[in-house]
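Numbers for residues simply follow the sequence, beginning at 1.
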Amino acid sequence: MIRIRTRLFILHVLVVTLLAVLAVRLWQVQVVRGQEFVTRAAETRTRTVIVPAVRGQILDSSGRPLVRNQTALVVSVDRTALVRTKDGGVGVLRKLGSVLDRPLQQLQERIRPCGPTVSQPCWTGSPYQPVPIEKKADTREALQILERQEEFPGISAEIQSVRQYPLGKSGAQMLGYLQPVTEAELEKREGFKAAYSGVDLAGRDGLEQVYDEALRGKSGLRRVQVDRMGKAIGVEQQVRPVSGDHLITSIDARVQAVTEQALQRAMKSAPKADGGAAVVLDARTGRVLALASAPSYDPEVWAGGITASGYKSLLSDKSGKPLVSRAINGQFAPGSTFKVSSVSAMLRAGYPLKGNYPCPGSYMVGDRAFNNFRGIGLGTLSLHMALVKSCDTIFYRAAYEQYLRDGGRSPKKTAREVFANTARGFGFGKPTGIDLPGESAGRIPDRAWKKEMWTLTSATNCRRAQTGYPEETDRARAEFLKRLAHENCTEGFVLRPGDSANFSIGQGDVLVTPLQLARAYAALVGDGKLRSPRIGWARVRPDGTLVETYDVPVVGKLPITEKERLYIKDALSEVASDGTAAGAFSGFPMDKVRIGGKTGTAEVWGKADTSWFASFAPTNNPRFVVVAMISQGGMGSQAAAPAVREIYEGIYGIKRPAALPDGKPASKLPTFAPDGTVARG
């Protein structure tokens, strides 16, 4: 009996304890954490759906689309929903692959998040963001997914706006591309989390990146009520997205097309050519009318995610690294096109503008003879004819004399370095500030640069001076590199006489970009003011309402007088008719449009020469500056000058319809109809 009572007592204690625990738990749930669970319960009945904004278009100066939007059926995979299935989504992806005719492995690779150990193909965006895997699905594929939704959990098919490039490869590097916003960016970059919806794409290069905020617009949202099975039962709140603004550029699509075609033909004409660039500027305003780089690529490869092989191709030397814009990133020795700076340096140093100068076949710089082109002497020339005939030895002599005046190998504290400083006055050695990302600065190799480079490379050079280059199969080249390493090890910090001579004709260590050269020539033949070129002209709302215009800033002035500037311009005006480019322009109707400019042929060790031609037209009142560069194209008159001629023929309508019938770039923004389309006529 006592045992039974003891058991009953223990049972009562357990029951009371359990009731007490239950009461405490109920109090905790309902009172202490009640609001938290009410909020969670409400969240489970509401789903927030982000509605991406329609991205603004990129238009040319007449309103023609360079980048536009196209509606398409987009199939996306919600990875977080997929992993909740029993097999982690393998079965769903296999069914999806049969619908889209894609292998399972390809789909799995496309939706996996990128990381340090995961390379393309992979998903660069947020892991919580649906991954678009087919941006051009047909109606049949979409209906198979939508009509059997229970078989495709986490898979959606809906109409979305995708980017389209009407000009194909034309201007691809300039326009840029879009990629998903990464989770790291949302967390680290200030303002990103508030500005991006998580399903937006961000500009990764070119104009898409620079003007991303204006083009992006503002995403909307829908708060949808759902039942416990996730089925929508009503809309609780809806905020409409705000479309992005359109960007109007100064690019003329017709001139861009002409420029691209001329560049491609020039590349094909030079058997060893491995890259090229062409720039067309408005000589009066500094606005960019065309910007081309070769090789190029189709920007639509980014749509829906790029393949591993496609991404490697864009970065490979074999394909010519088409992602790189040689117009703003390519750095090359400019050859004789640089002599406009060297003539200006001579004038700053006190050489007479109307003086006469000997042009022998060679000139001794220190203990080394520097030759004129093919060792041919041209007698006594004015500076005018020195530019027309492109005499080298006149510039060798002036540069060497200034080198000695500055103290030679042991420079004076008062060294003027007039050639280097004049080049900086022409805008060389620093970015132009164009509204594109990642522009290169070029290089002006003065005494300070030599010391800096020696500090960075002396250890390597001294080691190589001992070990040589056993990996180099060409023994003559290996021996040359070893001697060069020894020389740079022992006196690499010294500016040598030959360095100054090479600099004066745009050779040696001096490097410029095609855009820098075009900008300098625009200042020279224009009003003498150095401008920071601009592609963006204005942005407008989708209905055509003007929001903002972008001015072209003046950032400097050429270090020469107007009289000197006009003297140089007049000399360049004879190069295409009577100078080094006369052969390339033979038969060109100079009576209709007179072309001025300067050829450049820059030697590159182990490669064919870099071909340059920097030009302007018409010579009496320049409207255009056109610069072409062909890497390994040979002499300036062989590849670059014919390309420039073809561009002018296209602009003015010589033997073909004119890209600009009145011979002038657009001076007014395009007008828009009430529905947002460009008003014609």
Checking Lys169 now: which residues fulfil salt bridge (charged side-chain N to carboxylate O under 4.0 Å, His left out) with it, not counting sequence neighbours? none

Sequence neighbours excluded, the answer for salt bridge (charged side-chain N to carboxylate O under 4.0 Å, His left out) partners of Asp609 is none

Could you check whether any side-chain N or O of [X] sits under 3.5 Å from a backbone N or O of [Y], counting only pairs where one atom can act as donor and the other as acceptor?
X	Y	answer
Gln209	Pro437	no
His246	Gln57	yes
Tyr567	His384	yes
Ser586	Gly583	no
Gln516	Lys430	yes
Thr601	Gly636	yes
Glu603	Gln507	no
Ser170	Leu167	no
Asp252	Pro665	no
Lys389	Asp578	yes

Pairwise distance [atom1]([X]) to [atom2]([Y]) - rounded to 0.5 angstrom:
X	Y	atom1	atom2	value
Glu208	Ile58	CD	CD1	4.0 Å
Ile251	Leu289	CD1	CG	7.0 Å
Ser631	Met267	OG	CE	8.0 Å
Ser293	Asn329	OG	CG	8.5 Å
Leu669	Thr549	CG	OG1	7.5 Å

For [X] and [Y], which I'm curious about, is there any donor-acceptor pair between the side chains at under 3.5 Å?
X	Y	result
Glu260	Gln256	yes
Ser250	Arg534	no
Asp298	Tyr165	no
Thr432	Arg519	no
Arg68	Gln164	yes
Ser500	Gln402	no

Run the ring-centre check on Tyr211 versus Tyr550 and record whether the distance is less than 6.0 Å. yes

Measure the shortest side-chain to side-chain distance between [X] and [Y] over non-hydrogen atoms and say whether it is less than 4.5 angstrom.
X	Y	value
Ile328	Leu291	yes
Leu378	Met385	no
Leu530	Phe426	no
Asp509	Arg443	yes
Arg64	Arg254	yes

Stepwise, does the side-chain hydrogen bond (donor to acceptor under 3.5 Å, both in side chains) test hold for Ser390 with Ser336? CA-CA 7 Å; Ser390 202; Ser336 292; 3.2 Å; yes

Tell me whether Lys450 is salt-bridged to Asp446, with the criterion being a basic N under 4.0 Å from an acidic carboxylate O. no

Side chain to side chain contact (heavy atoms under 4.5 Å, CB included) between Met346 and Ile394, intermediate numbers included: CA-CA 10 Å; Met346 290 177 64; Ile394 287 176; 4.2 Å; yes

Assess whether side-chain hydrogen bond (donor to acceptor under 3.5 Å, both in side chains) is satisfied between Arg594 and Ser573, documenting all intermediate values. CA-CA 8 Å; Arg594 189 169 182 82; Ser573 297; 5.9 Å; no

Which atom pair, heavy atoms only, marks the closest approach of [X] to [Y]?
X	Y	result
Ile505	Lys339	CG2-CE, 3.8 Å
Phe428	Ala520	CZ-CB, 3.8 Å
Ala270	Gly633	CB-CA, 3.8 Å
Ala538	Leu546	CB-CD1, 3.9 Å
Ala617	Val593	CB-CG1, 4.1 Å
Asn372	Cys359	ND2-SG, 3.2 Å

Is Arg368 positioned over the aromatic face of Phe370, cation under 6.0 angstrom from the ring centre and no more than 45 degrees off axis? yes

Is it the case that atom CD in Glu401 sees more than 12 heavy atoms from other parts of the structure closer than 6.0 Å? yes

Are more than 12 heavy atoms from other residues, nucleotides or ligands located less than 6.0 Å from atom CD of Glu562? no

Audit row: Arg287, Val552, side chain to side chain contact (heavy atoms under 4.5 Å, CB included) steps and yes/no: CA-CA 7 Å; Arg287 294 196 180 278; Val552 180; 3.6 Å; yes

Side chains of residues 646-655: which donor-acceptor pairs under 3.5 Å do they make with residues two or more places apart or in other chains?
| from | atom 1 | to | atom 2 | distance (Å) |
| --- | --- | --- | --- | --- |
| Glu646 | OE1 | Arg265 | NE | 3.3 |
| Glu646 | OE2 | Arg265 | NE | 2.7 |
| Glu646 | OE2 | Arg265 | NH2 | 2.6 |
| Tyr648 | OH | Ser615 | OG | 2.9 |
| Tyr648 | OH | Phe616 | N | 3.4 |
| Glu649 | OE2 | Arg645 | NE | 3.0 |

What orientation do Trp612 and Phe332 show, parallel under 30°, tilted 30 to 60°, or perpendicular over 60°? perpendicular

Go through Leu353 and Lys563 one step at a time and tell me if the side chain to side chain contact (heavy atoms under 4.5 Å, CB included) criterion holds. CA-CA 10 Å; Leu353 181 66; Lys563 179 181 178 181; 4.1 Å; yes

Could you go through residues 276-284 and list every donor-acceptor pair under 3.5 Å that involves a side-chain atom there, pairing it with any protein atom two or more places apart or in another chain?
| from | atom 1 | to | atom 2 | distance (Å) |
| --- | --- | --- | --- | --- |
| Asp282 | OD1 | Arg284 | N | 2.9 |
| Asp282 | OD1 | Thr285 | N | 3.4 |
| Asp282 | OD2 | Thr285 | OG1 | 3.3 |
| Arg284 | NH2 | Asn621 | OD1 | 3.1 |

Which residue pairs satisfy the ring-ring contact (aromatic ring centres under 6.0 Å, His included) criterion with at least one member in residues 573-592, sequence neighbours excluded? Phe585-Phe588, Phe585-Phe613

For Thr619 and Asp570, run side chain to side chain contact (heavy atoms under 4.5 Å, CB included): C-alpha distance rounded to whole Å, both residues' side-chain angles, the deciding distance at 0.1 Å, then the answer. CA-CA 8 Å; Thr619 56; Asp570 288 343; over 6 Å; no

Partners meeting side chain to side chain donor-acceptor pair (under 3.5 Å) with Asp662 (sequence neighbours left out): none

